Amino acid sequence: MIYLDYNATTPVDPRVLEAMLPMFATDFANPSSKHAAGRDVAARVERARGEVGALVGARRKDVVFTSGATESVNLAIHGVLASAGPARRRVLVGATEHKAVIAAAEAAATARGGTVEAVAVHDNGTIDLDDLERRLGADVALVAVMAANNETGVINDVRHAATLAHRAGAPLLCDLTQAAGKIPVAIGALGVDVAAWSAHKLYGPKGVGALAAAPALRGRLTPLISGGGQERGLRAGTVNAAGIVGFGRASAIAAELLDSEAVRQQNLVRLLRLRLTQRLTSRYGPAAVEVNGAGAPRLPNTVSLRFRGADADAVLACLPDVAVSAGSACGSGDPEPSHVLLAMGLDAEAALSSLRFSVGRPTTEQEVVAAADRVADAVIRVRELRAEQTRERPSQGSPVAAGP
């Protein structure tokens with residue numbers, strides 16, 4: 001299997017696993033316990049909190065651990081809307097946001113009798129800042145703009161979006177899930193008020209995520225889970241010490257490798273795209289392969305390609321030994337076209353003919369070349385089958401006139 005779906009999840013780095021293993025066996029104490037063993041684990045959790053925050057430019061004391069980015073965005077959105085003044089009932093959400101953000105916003109707004117509005121994006125997938133500015137007003141409770149899109153890799157101008165939101169007195173939520181560990185992020189400099197991200201996207205364990213909120217905003221949040229008051233009262237329950245330690249180690253490694261891996265992975269994506277283009281355009285012409293989000297700044301490891309005349313699910317069925325995605329992993333069971341690609345102006349057929357490729361640290365040039373050739377062969381096979389079915393389809397003559 002050639003794995004090119006690192007935006008969906010990543011393997012745990014061996015160094016991360018090594019840091020976690022003692023937490024299951026010898027250093028297993030509850031960090032809330034006051035004895036020496038508990039205090040030792042608590043110290044490791046706090047060290048990890050600092051490492052996780054440092055990756056995105058957040059202060060250690062502003063980081064709250066959760067079960068993942070989905071819980072983090074729910075905690076943020078529900079808390080901000082519950083504490084917003086009665087006049088602030090609108091939520092503005094980028095049209096290409098992750099479904100977790102959209103669903104949480106709709107649930108929280110509905111509970112308060114509010115509304116959610118989608119902020120348009122340009123054809124290249126970047127947030128339409130003019131549309132955001134037009135929609136802002138004194139009745140907006142929250143603005144959500146992701147740092148980088150999970151399907152296309154397109155990077156947004158978060159700093160500008162935050163400036164506009166703050167002028168209207170609204171805080172900005174930023175989903176960092178795909179950006180953290182791939183590109184430099186400093187939420188303070190960007191003007192982000194609350195951010196969410198996960199460990200398993202950056203070679204850490206599944207089941208642990210983080211929320212970082214500015215002190216003024218953190219005081220407005222209310223816990224989704226009540227109990228023992230852990231995580232500054234925002235997330236009750238015995239903390240996942242092993243997962244948190246792994247998250248911290250993964251964050252430190254990601255920070256160390258950020259620049260070198262960005263260059264290497266960008267070159268791998270370029271090689272993949274060029275080889276696919278060469279194979280398919282020589283056979284079908286220049287429009288056979290097109291980049292979704294072309295011209296926009298994108299994550300170094302990600303490219304979304306649409307293959308004219310080849311349904312993505314059919315192509316995937318011809319690729320038993322290549323792991324790529326027809327969209328977000330969280331929506332992989334959804335037969336509908338990607339809401340991200342539709343928001344960018346693609347029609348349903350083009351959206352359903354698109355595949356996301358995302359490389360990672362283990363990816364090699366040899367894998368990229370082999371995967372590109374297998375994908376090209378699969379696209380050719382699907383197009384040939386489609387052409388064959390078209391040729392064999394019986395012609396439909398004019399309808400027979402009904403008798404008197």
Side-chain angles (χ1 to χ4, degrees), residues 1-10 70 95-103 121 123-125 146 148-154 175 177-178 200-201 265 268-269 272-273 275-277 279-280 284 287-294 296 298-299 301-360 363 367-368 370-386 389:
M1 173 67 69
I2 299 175
Y3 187 82
L4 297 180
D5 200 21
Y6 287 89
N7 281 11
T9 195
T10 59
T70 295
T96 57
E97 292 292 308
H98 193 281
K99 286 188 176 180
V101 173
I102 296 172
V121 297
D123 289 348
N124 66 5
M146 68 196 327
N149 187 265
N150 50 301
E151 292 188 33
T152 63
V154 168
D175 178 1
T177 306
Q178 292 298 335
H200 78 100
K201 304 291 188 178
Q265 292 179 26
L268 290 176
V269 168
L272 174 76
R273 181 174 55 82
R275 192 165 183 92
L276 278 167
T277 301
R279 284 285 310 275
L280 295 172
Y284 299 115
V289 184
E290 297 185 71
V291 177
N292 296 320
R298 296 195 306 275
L299 294 173
N301 80 314
T302 307
V303 66
S304 172
L305 300 175
R306 60 184 184 271
F307 300 94
R308 177 171 293 186
D311 177 79
D313 284 340
V315 173
L316 289 175
C318 297
L319 288 172
D321 53 0
V322 180
V324 294
S325 174
S328 169
C330 299
S332 58
D334 190 348
E336 296 299 314
S338 160
H339 76 283
V340 171
L341 300 181
L342 293 180
M344 293 167 60
L346 274 67
D347 60 26
E349 182 179 2
L352 291 170
S353 301
S354 296
L355 290 174
R356 177 189 71 186
F357 300 85
S358 48
V359 303
T363 308
E367 286 181 315
V368 165
D373 286 340
R374 294 176 196 179
V375 171
D377 290 342
V379 170
I380 292 168
R381 176 63 176 156
V382 169
R383 290 191 60 152
E384 287 178 344
L385 285 172
R386 181 178 178 181
Q389 291 168 352

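This is a predicted model, so every value here is computed, not measured.
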Report the C-alpha distance between Leu341 and Thr152 in whole Å, list the side-chain angles of each, state the deciding distance to 0.1 Å, and finish with yes or no for side-chain contact (heavy atoms from CB on, under 4.5 Å).
CA-CA 8 Å; Leu341 300 181; Thr152 63; 4.0 Å; yes
Yes or no on side-chain contact (heavy atoms from CB on, under 4.5 Å) for Leu346 and Ser354, after CA distance, side-chain angles and deciding distance?
CA-CA 10 Å; Leu346 274 67; Ser354 296; 4.3 Å; yes
Please lay out, stage by stage, how Asp175 and Asn150 fare under the test side-chain contact (heavy atoms from CB on, under 4.5 Å).
CA-CA 10 Å; Asp175 178 1; Asn150 50 301; over 6 Å; no
Asn292/Glu151 under side-chain contact (heavy atoms from CB on, under 4.5 Å): CA gap, chis, key distance, verdict
CA-CA 9 Å; Asn292 296 320; Glu151 292 188 33; over 6 Å; no
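For the pair Glu290 (side chain) and Leu305 (backbone), a donor-acceptor distance under 3.5 Å is absent. Looking at Arg298, its side chain does come within 3.5 Å of a backbone N or O of Gly293 through a donor-acceptor pair. Counting only distance, with no hydrogens or angles, the side chain of Thr277 and the backbone of Arg273 share a donor-acceptor pair below 3.5 Å. Ser358 places a side-chain N or O within donor-acceptor distance of the main-chain N or O of Tyr6, the cut-off being under 3.5 Å.
With a 4.5 Å cut-off on side-chain heavy atoms, Val375 and Leu276 count as touching. Taking the side chain as every heavy atom from C-beta outward, Thr9 and Lys201 never approach each other to under 4.5 Å. Looking at Leu355 and Ser325, their side chains never come closer than 4.5 Å, going by heavy atoms from C-beta outward. In this structure, Val382 and Cys318 have side chains that are in contact, with non-hydrogen atoms separated by less than 4.5 Å. Here the side chains of Asp321 and Ile2 are not in contact, with every heavy-atom distance at 4.5 Å or above. Between His339 and Thr96 there is no side-chain heavy-atom pair separated by less than 4.5 Å. By the 4.5 Å heavy-atom criterion applied to side chains, Phe357 and Val269 are not counted as neighbours. Within the 4.5 Å cutoff, no side-chain heavy atoms of Asn149 are placed close to those of Gln178.
To the nearest 0.5 Å, the span separating NE2 on His98 from OG1 on Thr177 amounts to 7.0 Å. Here the CG-CG distance, from Asn301 to Leu268, works out to 10.0 Å after rounding to the nearest 0.5 Å.
Electrostatic pairing of Arg279 and Asp377 counts as a salt bridge here, judged by a charged N lying under 4.0 Å from a carboxylate O. Electrostatic pairing of Arg386 and Glu349 counts as a salt bridge here, judged by a charged N lying under 4.0 Å from a carboxylate O.
Residues Asn124 and Ala294 share a closest heavy-atom pair of CB-O, 3.7 Å. Across every non-hydrogen atom of Leu272 and Ala372, the tightest pair is CD1-CB, 3.8 Å. Shortest non-hydrogen contact noted between Ser338 and Ala351 is N-CB, 4.4 Å. In this structure, Ala310 and Val315 approach most closely via the heavy-atom pair CB-CG2, 3.9 Å. The shortest heavy-atom contact between Ala371 and Leu4 is CB-CD1, 3.5 Å. In this structure, Pro320 and Met1 approach most closely via the heavy-atom pair O-CE, 3.3 Å.
Other residues, nucleotides and ligands place more than 12 heavy atoms under 6.0 Å from the CD atom of Glu384. Within 6.0 Å of atom CZ in Arg381, 12 or fewer heavy atoms from other residues, nucleotides or ligands are found, so the atom counts as exposed in its surroundings.
With 3.5 Å as the limit, one finds a donor-acceptor pair spanning the side chains of Thr302 and Asn7.
For Arg383 and Tyr284, the positive end sits near the middle of the six-membered ring, less than 6.0 Å away and at most 45° from its axis.
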